[in-house]
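One structure below.
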There are 2 protein chains.
Amino acid sequence: MPKPLTYARFRKRVMVSMEDICRDIFRENRKSIRIKKEAVAIRNLVTIFKATLKLSNAKGFQAMSLRDLSRESGLSMGALYAYFSGKEELLEVIHEQGRAVTFSVLEAYVAKTGPVFDRLESAVRTHLYLSEVMRDWFFFAYMETRYFRKTEHKRAMEGELYTEKLFCDILEQGQKEGVFYLESALLTASVIKAMLQDWYLKRWKYRQRNISIDTYADFVLNMIRRATWP
Amino acid sequence: MPKPLTYARFRKRVMVSMEDICRDIFRENRKSIRIKKEAVAIRNLVTIFKATLKLSNAKGFQAMSLRDLSRESGLSMGALYAYFSGKEELLEVIHEQGRAVTFSVLEAYVAKTGPVFDRLESAVRTHLYLSEVMRDWFFFAYMETRYFRKTEHKRAMEGELYTEKLFCDILEQGQKEGVFYLESALLTASVIKAMLQDWYLKRWKYRQRNISIDTYADFVLNMIRRATWP
DNA sequence: GTCTATACAACGATAGAC
DNA sequence: GTCTATCGTTGTATAGAC
């Protein structure tokens, strides 16, 4: 019998490091990155992305100038342009890579078999814990999506719908099995997402109140359990 | 016996018009507004605020230039500066006024007596319906708060906590009366807020699915009722 | 009260030295 | 690979004509 998933256990198992993400970015964007040495490129990409998320989440991506980014990252303006072709590409690369990581972690760690409530619990905890590990990216993705043009905007919306569908499918399965009573599986999935997003959108509030992520996960799960009792 | 509150009935009763709000803004900011004729001032303030919310919600307040605003509002750059002393003041005035309207509507329309679940329903519906009437402002307030400096930021946080407390007090009262079973009144209030905010933050999604605001209100209320059943 | 014209700082982006 | 210097553009803000 497997131990229940906690945040501490999730961190040990998953380990999405900034280095790994930047290695992928480097290999997928060799054409637009002028730097050839992988070690140098990855080191600086890590610095650039961390600085971008920090500045951007504090005052908005549009308000962050490349001079700000240059100062924060310690790289000159000229050096920055060796890593991306312009501010817009920087935005797109961050979004794209975050989406890819989110997708692959959810695919790999959300249980596909077993009792239906356990699967729902696994989906809720994985989503919540992942948003904690990649907090800066999740916040960034939520806040900066509307700056996109049509095509990119559509992909971001699809990201929202993907995770929602993940919950919805499990809920519908549970409904069929008689484990859940649901007024609407889709609306239930929708508000579950809203509750999970609140955790990373209002971190200041939960931190202020000393509410741990596991407490929050337990609370949300109990709430769902009671609300869907047959 | 009073009829249950619906969105249609709320709109008839409340009627927060942009003109009324701008009249208040004009009278409270006479010092920094150079225009003397009230009729002219109000007409242009309405135009300016509508244009600001439109542009700002599409691409962010920081990304909206005053040249954009000039074009959208039909007023020249020079004329704009007769109504506010700078871009930052424009941001503050919009926030401040929206907060005042929200506060006064909630104070006036949320039931303070009667059965405790009816009071909760009244708070949920009033908050949700108000966010629909003032949708552009609510979205703006949520997305643009972090551009504030310390003092202003604090006031915005207090706004979040005020509405949360509104729910929390009712929940605690219900808990005392044995009407609600609650694991935590504060956490419950917190996720209720998250669910209500999702409505105006993801309007595109609910519109796409033809989910009406009354359907959403009913769903959230039923969910709360089941989740808090003693 | 509103306009046009303009000041000047800051922006994204690039060229060329090292 | 990274830097400094500089380009043209766009930003906020104001002065003065009407």
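Below, chain A is the first sequence line, B the second, and so on; all start at residue 1.
With dA7(C), dT2(D), dG1(C) as the choices, the nucleotide that has an atom nearest any side-chain atom of K37(B) turns out to be dG1(C). Among the nucleotides dC3(D), dG12(C), dG1(D), the one closest to the side chain of I35(A) is dG1(D). Of the candidate nucleotides dG1(C), dT6(D), dT12(D), dT6(D) has the atom lying nearest to any side-chain atom of R67(A). Closest contact between the side chain of L75(B) and the listed nucleotides dC3(D), dC3(C), dG1(C) involves dC3(C). Listed nucleotides: dT12(D), dA13(C), dT2(D). Nearest to the side chain of N44(A): dT2(D). For R34(A), whose side chain is taken as the heavy atoms from C-beta onward, the closest listed nucleotide among dG12(C), dT2(D), dT2(C) is dT2(D).
The ring of F61(B) has its center no closer than 6.0 angstrom to the ring center of Y147(B).
Applying the 4.0 Å criterion to OP1 and OP2 of dA15(D), one finds that Y81(B) has every side-chain N and O outside that range. Contact check, S76(B) against dT2(C): no side-chain N or O comes under 4.0 Å of OP1 or OP2.
At whole-Å resolution of the value, CG in L80(A) and P in dA15(C) are 17 Å apart. If you take NZ of K36(B) and P of dT2(C), they are 13 Å apart, rounded to a whole angstrom. L90(B) places its CG atom 11 Å from the P atom of dT12(D), with the value rounded to the nearest Å. Distance CG (L66(A)) to C1' (dA9(C)): 17 Å, rounded to an integer number of Å. To the nearest angstrom, C1' of dC11(C) lies 14 Å from CD of Q62(B). Rounded to a whole Å, the NZ atom of K59(B) is 12 Å from the C1' atom of dG11(D). Atom CE of M77(B) is separated from atom P of dT10(D) by 14 Å (rounded to the nearest Å).
Taking the charged nitrogens against the carboxylate oxygens, R209(A) and E164(B) do have a contact shorter than 4.0 Å, which makes a salt bridge.
If you check the side chains of D136(A) and Y200(A), you find no donor sitting under 3.5 Å from an acceptor.
What you find for W204(B) and L161(A) is that their closest heavy atoms are CH2-CD2, 4.3 Å.
Within the nucleic acid shown, Y83(B) comes within 4.0 Å of sugar-phosphate atoms alone, with no base atom in reach, counting heavy atoms only.
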